[in-house]
Every structure is written in structure tokens, then in C-alpha cells.
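It should be emphasised that the depicted structure is a prediction, and the values quoted were computed from it without experimental measurement.
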Amino acid sequence: ELHPFEKAREYKRAVNAVKLDRHFAKPFVGALSGHFDGVQSMAKNPSSLSMIVSGACDGEIRRWCLTEQRQGARWTSQAHSG
């Protein structure tokens, strides 16, 4: 005889296993490295699917080419002094 809660526990375990399988099923495509601090904003170019711009807490704005996975232009600014 099963414990009264055993069926519910096994169901929950199966659902969690399926969720994890789906989460890790997507392949990792690549990383765009270059910022020294956390990225706070990203924007896509409305006229080009392969270009994005990222802004980080280190005061840098970088333009990226996604098809070649490389950095394009880079701008640095001092956001504040404190």
C-alpha cells in the first residue's frame, strides 16, 4: 500500500523533471563578453536583425554584431561622480 501523499509527490517530481529537461534542452549559442560590470540595458536595431547595443554599469555602451559575434563600436561615459 502506498502512502496517501506518495502519488502526489511522484507527480510533482515528474513535472519538475520535465521542466528541467525543457530548460536545459536549448543549446547555448554564444556569449558576448567585453563589459566589466553588469549589463543594465540592451536594445535592438530596428533596421538590422544582427545588430544590438548594450549598456553596462561600467559606463560603456557597446554595439555588437550578432552574426559574427564580435564587438563593433564602443563609447565610454562617466555617469556620475559618487
- Item | All salt bridge (charged side-chain N to carboxylate O under 4.0 Å, His left out) counterparts of Arg13, not counting sequence neighbours | Glu10

- Message: For the CG atom on Leu20, are there more than 12 heavy atoms of other groups (residues, nucleotides or ligands in this structure) within a distance under 6.0 Å?
- Response: yes

- Item | Non-neighbouring partners of Arg70 that pass side-chain hydrogen bond (donor to acceptor under 3.5 Å, both in side chains), sequence neighbours left out | Glu68

- Residues forming a salt bridge (charged side-chain N to carboxylate O under 4.0 Å, His left out) with Arg63, sequence neighbours excluded: none

Under 3.5 Å, sequence neighbours excluded: what are the donor-acceptor pairs made by side chains of residues 29-46?
residue	atom	partner	partner atom	Å
His35	NE2	Ser54	OG	2.8
Asn45	OD1	Ser47	N	3.0
Asn45	OD1	Ser47	OG	3.0

- Message: Restricting to side chain to side chain contact (heavy atoms under 4.5 Å, CB included), what partner residues turn up for Phe5, sequence neighbours left out?
- Response: His3, Arg9

- Message: To the closest 0.5 Å, what do you measure between CG (Leu49) and OG1 (Thr67)?
- Response: 10.5 Å

- Ile61 side, atom CD1; Trp75 side, atom CH2 - distance, nearest 0.5 Å: 7.5 Å

- Could you list the residues that satisfy side chain to side chain contact (heavy atoms under 4.5 Å, CB included) with Val18, not counting sequence neighbours? Arg22

